[in-house]
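Structure first, then comments.
Please read all numbers here as calculations on a predicted model, not as lab measurements. All chains are named by letter (A, B, ...) in the order of the sequence lines, taking the proteins before the strands, and each is independently numbered beginning at 1.
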Number of protein chains: 2
Amino acid sequence: MRWAPDARGRLQGAALELFSEQGYSATTVPQITARAGLTTRTFFRYFADKREVIFGGDEIPERAAHLIAEAPEELEPMGVIRLVLHRVATEQFEGYRKQTAAVRAIIHANDSLRDRDARKRDDLVRAARTAFIERGESPLRATVVAELGILVFQVALDEWAIDEESRSMTSVIDAVMTLIAGVSP
Amino acid sequence: MRWAPDARGRLQGAALELFSEQGYSATTVPQITARAGLTTRTFFRYFADKREVIFGGDEIPERAAHLIAEAPEELEPMGVIRLVLHRVATEQFEGYRKQTAAVRAIIHANDSLRDRDARKRDDLVRAARTAFIERGESPLRATVVAELGILVFQVALDEWAIDEESRSMTSVIDAVMTLIAGVSP
DNA sequence: CAATCGATGACATTTCGTGTCATCCTATAA
DNA sequence: TTATAGGATGACACGAAATGTCATCGATTG
């Protein structure tokens, strides 16, 4: 069966299955690769470690940075945030609420995955910060704006994922931004 | 040399020495325990894993939650945040800028430690969120306020740690809060 | 059909982290 | 002073994570 297509995708699929069947920590890499018809060594060629298999790639930080750079120059930072988050939500998440909720549940149930998830958030902050600096913001201001933007994204994502009424993610984003504006003064 | 005092402290000291001498990932647990005069097994009795040795304990989330609960009832959420952060800064950090900067540098230089550091931040958010819910805030509002508070703390901590002019951490906190108020509308 | 090159397998190894039981130290009381 | 209970440490084994190295397979190209 060598050379069957999409090794990476098969590994991700097998891993998600096993994680929801047995839990994350009870699942070993050899189990994953056995189900995918590959070897342990091959797993670590596609993913730096066992945690990475549950997170996508680095598309989101790249996409976010690109969208920040492309946003209209005259827009205020928080306007940029709103614009970018709406687009990311629409492109990457809207329509995948159930799957997103399932993955979020696996992550929240395991400390090791919470570690990694939290760093992914920080990676996103860094990418956004760099993009805002290139828009001419001062470093500290860029840090704050980037942190605020990813705060909105993260809170809205988890809120939307567990929401039974199926609000759109964009409306949840707006709700969170309104809340921030209300408490910040 | 069995029963020499402060095994935990000796392990932390030996670990920090070795991390700054050789880097974090090049340092093995047996090396740490050899320098501390203990065994590998004992290391893992004090610390859940190799990363934990560089982070304190859980005092800060507990202290923060306690301070939030004790804050005057009539205070607005962001007023509570300011009050609590000023006290934590004064009690736990002021006067230890160099040591803090050294530890932050080790953390920022290693992905595995960045993972853990990011989750520690999330633990702090959760503790603060619970405390705000007990003050009567709605869950979503509590989430946003807690996230904002820890955002201020984290940004101010890293900014203060690398600041050569030795501003007080409380003044950095105020500066960050002012910045947020300025961009959020 | 042969040569080439990337992807995978096979194997060995190091380190992390945990379970288990024996052994040592300290404290408390007789 | 001695006995003993209980917590802390050592000793040992082991599974799983992660990585290095080299062989081997298969598709592509000419």
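- The two residues A:Arg167 and A:Glu94 have their closest heavy-atom pair at O-OE2, 4.5 Å.
- In this structure, a donor-acceptor pair under 3.5 Å is present between the side chains of B:His86 and B:Asp174.
- For the pair A:Asn110 CG and C:dG17 P, the computed distance is 13 Å after rounding to whole Å.
- Of the two residues near DNA chain D, A:Thr27 and B:Arg41, the one whose nearest nucleotide lies more 5' is B:Arg41.
- Nucleotide D:dT9 holds its C1' atom 11 Å from the CZ atom of B:Arg10, rounded to whole Å.
- Checking the phosphate oxygens (OP1, OP2) of C:dG9, a side-chain nitrogen or oxygen of A:Thr42 falls inside 4.0 Å.
- If you find the closest nucleotide of DNA chain D to A:Thr28 and to A:Arg45, the one lying nearer the 5' end belongs to A:Thr28.
- When rounded to the nearest whole Å, the span between CG of A:Asp49 and P of D:dA16 equals 17 Å.
- Per the geometry, CZ belonging to A:Phe43 stands 16 Å off P belonging to D:dG20, to the nearest Å.
- Of all nucleotides listed (C:dG17, D:dT19, C:dA10), C:dA10 comes nearest to the side chain of A:Thr39.
- The shortest distance between side-chain heavy atoms of A:Phe47 and A:Gln12 falls below 4.5 Å.
- Considering only heavy atoms from C-beta on, B:Val176 stays 4.5 Å or farther from B:Trp160 through its side chain.
- B:Tyr46 comes within 4.0 angstrom of sugar-phosphate atoms only, judged by non-hydrogen atoms across all strands, and of no base.
- For the pair B:Phe44 CZ and C:dC16 P, the interatomic distance rounds to 6 Å; values are reported in whole Å.
- Per the geometry, CZ belonging to B:Phe47 stands 14 Å off P belonging to C:dT18, to the nearest Å.
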